[in-house]
Amino acid sequence: MFPGRWRFGSDRHGEVDLFTDRYDLSAETLSQAIRAAASEEPDADGSVLFGHLQGTVVGLRYYSGVVNQGEMVGLVRQPQNQYDRNAVMVANIYGNQVGHIKRELAAAMAHVMDNNLAKVEGVVHSGTKNSFTMPLMLSFWGKEENQNTVKENMARRGFKLNTGGGKATGTKPNALQHPGSLLKNAFDNLFDGLMESEDGEKQAAEAVGTPLLPHQKQALSWMCARENKSALPPFWERRGELYYNRLTCFSAKEIPERVRGGILADDMGLGKTLTTIALILTNFHKGKPLPVEKCVRVANEFFSDRRAVCLASAIIKCGGGGVGQSDKSLVLNSSNDKEIIAFHIDSEEGGESLYDFKYLRIFITSSQCLHLLCSMLPFHPQSQPCHVVFLCPYVCVCVCVCVCVQDQFEQHVRANVKLNVYLYYGAERNRSKAFLSSQDVVITTYNVLSADFGNKSPLHGINWLRVVLDEGHVVRNPQAQMSKAVLDLKGQRRWILSGTPIQNSVKDLWMLLAFLRLKPFDAREWWNRVIQRPVTQGDRAGLQNLQTLVKCITLRRTKGSEVNGRPLVAMPEKTVCVEQVELSQSEREEYELARNEGRNTIGRYVTEGTVLRNYADVLAILIRLRQHCCHPDLLSKTSLDLGAAATPAEMRERLIEKLRFVLASGSDEECSVCLDSVRLPVITHCAHVYCRPCIAQVIGTEQETARCPLCRSEIKTNELVEFPQEEMEEEKNTNPDKWRTSSKVQALMGNLLRLRCEDSSIKCLVVSQFTRFLTILETPLREHGFSFVRFDGTLSQKKRTQVIQEFQSPAADGPVIMLLSLKAGGVGLNLTAASHVYFMDPAWNPATEEQCIDRCHRLGQTRNVFVTKFIVKGSVEENMVKIQKQKQDLVEKAFGCRNPDRKTSRMDEIKALMEL
DNA sequence: ACCGCCGGGTGCC
DNA sequence: ACCGCCGGGTGCC
């Protein structure tokens with residue numbers, strides 16, 4: 001039925017056993033080896049095709065792995081092979097060994113593979129007549145600079161790579177005329193129109209206190225279906241007795257593992273968290289709700305003394321008929337220790353029996369504990385079997401800001417429902433696996449998760465019913481510890497919640513698919529070969545496949561989406577305007593002085609070609625100019641005159657000090673590795689700032705000496721200077737007597753006063769990167785009798801919630817203004833009470849501003865939203881806005897290749913800023 | 001007969 | 001493997 005399909009009779013099994021005895025590579029360890037190799041799969045970006053080669057796979061009869069015509073195979077080096085240290089193993093997509101590469105060819109390939117000169121890929125194009133060997137098309141991919149080395153190496157051993165147009169990849173090369181633009185458009189649309197309305201709506205379980213909006217009921221229905229339905233994963237289809245994968249041409253007898261979960265990529269504010277809470281409560285097992293209320297009564301009855309320490313929990317369905325049926329027997333199959341314990345229960349006559357409960361949760365700790373349980377339940381030694389389902393503990397939700405999600409649980413779950421939600425966070429967190437297993441929901445942060453990872457992490461030892469990644473797009477670098485920690489969580493159902501599923505490129509998608517365990521793309525090699533490379537090379541089919549893939553597992557609606565001709569959510573309008581601010585004469589004079597001085601300095605660096613070496617200095621100059629635009633007193637605390645540095649060490653100290661100052665002032669600086677705002681900033685010895693994980697990756701991937709991505713100086717992990725995320729300036733209380741105003745302050749106050757006259761109930765966000773500026777603004781606000789709160793990074797978790805509640809409360813005498821530091825707070829921050837946003841100073845990253853606006857322009861906002869950005873006319877701020885725009889264009893154009901040349905573009909930016 | 005040729009045994013790495 | 005390779009048997013035409 002499938003040409004070129006081989007299977008071997010059991011008559012040879014004796015040999016196989018003999019063989020495996022000699023060479024111990026059981027199926028388990030083999031697939032582990034392949035998985036390990038696949039997880040270390042390097043990024044294939046920038047790989048070019050060196051050529052093809054027809055090779056031979058031998059030893060087919062010794063292995064059970066079968067291959068279809070057109071199927072891709074994996075090639076794994078086996079340096080430990082006792083017969084030939086050059087051995088190259090051939091395996092199919094599922095990691096079953098098919099055979100080996102012929103000895104002579106393997107010898108040539110081993111050198112290339114071991115030295116990472118090329119990645120060799122195999123595809124079986126044509127079948128074979130015999131059952132001993134088969135032809136295999138090999139293709140060699142690698143960095144341009146290795147091309148000749150590889151070709152010569154292979155040629156020397158008598159293997160000539162064909163560079164002609166032979167087809168060797170699984171998908172035919174099918175380049176587009178204008179890959180860039182078309183690709184960009186298609187990719188933009190990748191997450192569009194993923195509204196699955198056929199599922200209809202689903203009512204949430206009773207325990208959900210907040211009524212769901214229609215689109216949330218749809219999402220709930222879709223999520224339940226994704227968890228319960230048995231549709232084949234994308235690209236799999238049934239062909240007769242077999243399951244066949246269209247893309248990899250792999251076929252299997254067994255039904256491929258389904259993805260129970262997916263990506264909920266609704267826009268921010270559409271209620272992803274609420275929908276997920278509804279899912280947790282509504283779809284427990286067999287589509288039934290989480291048995292919350294009654295379960296608590298049972299638990300109290302039997303375990304009030306908490307003596308049962310739980311290693312696992314089980315749900316026992318007490319027969320379909322409930323009270324009526326008398327004799328039941330239970331078979332518990334504990335997945336932890338594989339023991340199967342059978343026992344029986346009998347119902348009591350009259351009164352409330354266990355069978356009154358449709359579900360009963362029993363905690364099982366160990367067989368002793370189970371015996372304890374048995375002695376407590378009314379068991380009868382001779383009874384009929386009934387159905388028992390063993391389940392794992394419930395949900396692990398990974399989030400950025402714990403408290404927000406916990407609040408959401410409190411908000412959306414009915415008060416009379418006792419839901420055990422545990423915040424796994426903080427130094428005092430309960431690390432007992434038993435305790436965590438007994439919770440309905442465990443919430444933790446990505447940081448805690450990765451800190452625990454590899455260190456007897458209790459969360460990794462639990463088999464969760466459901467794992468949910470909130471703001472899942474934050475994990476996208478597969479190299480990062482955090483990603484590894486996330487991928488290692490065990491769960492039956494897996495969800496990613498994200499308002500922005502793709503931030504930079506196709507590459508970022510892999511992490512999501514790997515988390516969802518979407519076979520076979522969770523292995524990097526298949527993802528690279530089938531999706532990533534074709535897509536980045538402009539292959540239309542590759543893009544189509546990606547679209548199909550994403551469509552199958554994603555639900556995304558935007559604020560503007562319509563369902564059945566009606567808007568999803570009626571969102572109020574948003575108006576953004578720029579208000580130009582004129583500096584006063586004295587301000588202008590001071591500004592020009594600083595500008596000329598800075599321009600001279602930077603101009604000198606430019607001609608000397610030392611801009612990047614003096615990067616911290618340049619940033620300090622820029623930030624001073626930006627501070628001049630806001631308020632002169634922002635500069636007062638800076639003793640940053642260059643002076644004459646005695647030694648290079650002293651010079652470096654000063655540069656680092658300057659950078660600390662730039663960061664401390666709250667400026668939203670950019671990391672040149674990820675091109676995003678710096679998270680967990682660290683300063684290198686050469687005074688450049690990066691996210692800690694980003695630079696750690698740079699250092700980690702470098703073989704010998706790592707070099708700074710900006711200036712190529714040598715960098716070492718132990719020389720990185722930490723910068724506390726929210727380090728604040730020493731004193732906040734500037735002397736109110738000495739207080740003076742500035743043009744920007746005037747501009748803001750003018751707006752606020754005008755607004756108060758028009759409608760005193762309007763609330764405003766006043767946003768600045770400079771927390772000190774917020775302090776300065778406090779004085780005139782008080783003076784004019786505005787009631788305000790302040791929200792910045794220094795606030796404790798507790799204080800944060802308190803401040804937000806205060807601001808959001810509709811009380812008449814409540815605060816009308818929130819002084820907000822640009823970077824403070826998580827993405828989940830809800831500030832819908834405000835409808836006016838004032839940006840006091842422009843940020844480098846326009847997305848940061850957008851995020852800030854979305855905190856009030858989101859679900860629940862009833863008024864139209866007005867955003868005002870103050871920009872000082874004829875200043876560095878104007879140039880920043882221009883660069884913001886250019887950057888957005890650039891990101892759109894340069895889609896697919898993330899980091900064109902940061903050194904050059906950063907230089908250009910600095911020059912443009914200083915008008916050089 | 002220090003070769004060629006024949007035909008059986010055999011077979012991944 | 002309806003191959004190649006190895007090594008033993010064999011040997012004019």
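Lettering of chains follows the sequences in order, A, B, ..., and the numbering in each one begins at 1. Because only heavy atoms are used, hydrogens play no part in the values below, and waters and symmetry mates are left out as well, while side chains stay in. Since the structure is predicted, the reported quantities are computational estimates derived from the model, not experimental observations.
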In whole angstrom, what separates [X]'s [atom1] from [N]'s [atom2]?
| X | N | atom1 | atom2 | answer |
| --- | --- | --- | --- | --- |
| A/Leu75 | B/dC12 | CG | P | 20 Å |
| A/Lys102 | B/dG11 | NZ | P | 17 Å |
| A/Asp84 | B/dC12 | CG | P | 13 Å |
| A/Glu104 | C/dG4 | CD | C1' | 12 Å |
| A/Gln80 | B/dC13 | CD | P | 19 Å |
| A/Arg103 | B/dC13 | CZ | C1' | 6 Å |
| A/Tyr83 | B/dC12 | OH | P | 10 Å |
| A/Arg77 | B/dC13 | CZ | P | 14 Å |

Whole-angstrom distance between [N] and [M], as gauged at atom [atom1]:
| N | M | atom1 | answer |
| --- | --- | --- | --- |
| C/dC6 | C/dA1 | C1' | 15 Å |
| C/dG4 | B/dG11 | C1' | 10 Å |
| B/dT10 | B/dC5 | P | 25 Å |

**Study point:** A/Phe250 ring center near A/Tyr244 ring center (under 6.0 Å)
**Key:**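 Between A/Phe250 and A/Tyr244, the centre distance exceeds or equals 6.0 Å.
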
Exercise for review: Please check the phosphate of B/dC12 (OP1 and OP2 only) for any side-chain N or O of A/Arg61 closer than 4.0 Å.
Suggested key: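 Yes, within the criterion.
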
Check your understanding: In the strands shown, is C/dG11 matched to any nucleotide by a Watson-Crick or G-U wobble pair with both distances under 3.5 Å, and which?
Key ->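 B/dC3 - that is the nucleotide pairing with C/dG11, both distances being under 3.5 Å.
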
Exercise for review: Verify the stacking flag for A/Phe132 against B/dG11: centroid separation must be under 5.5 angstrom and the ring planes must differ by under 30 degrees.
Suggested key: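 No, A/Phe132 does not stack on the base of B/dG11, since the centre distance and plane angle fail the 5.5 Å and 30° test.
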
Review point. Is C/dA1 in the syn or the anti form, by the rule that syn lies within 90° of 0?
Key: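 It is anti.
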
Salt bridge or not between [X] and [Y]? Use side-chain N to carboxylate O under 4.0 Å.
| X | Y | answer |
| --- | --- | --- |
| A/Glu525 | A/Arg529 | yes |
| A/Asp539 | A/Arg533 | no |
| A/Arg260 | A/Glu227 | no |

Check your understanding: If you round to the nearest 0.5 Å, how far is CG of A/Leu512 from CG of A/Leu518?
Key ->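 If we round to the nearest 0.5 Å, A/Leu518:CG and A/Leu512:CG are 11.0 Å apart.
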
**Study point:** Donor-acceptor pair (no angle test) under 3.5 Å: A/Tyr62 side chain, B/dC13 base
**Key:**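 By the distance-only test, no, there is no pair.
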
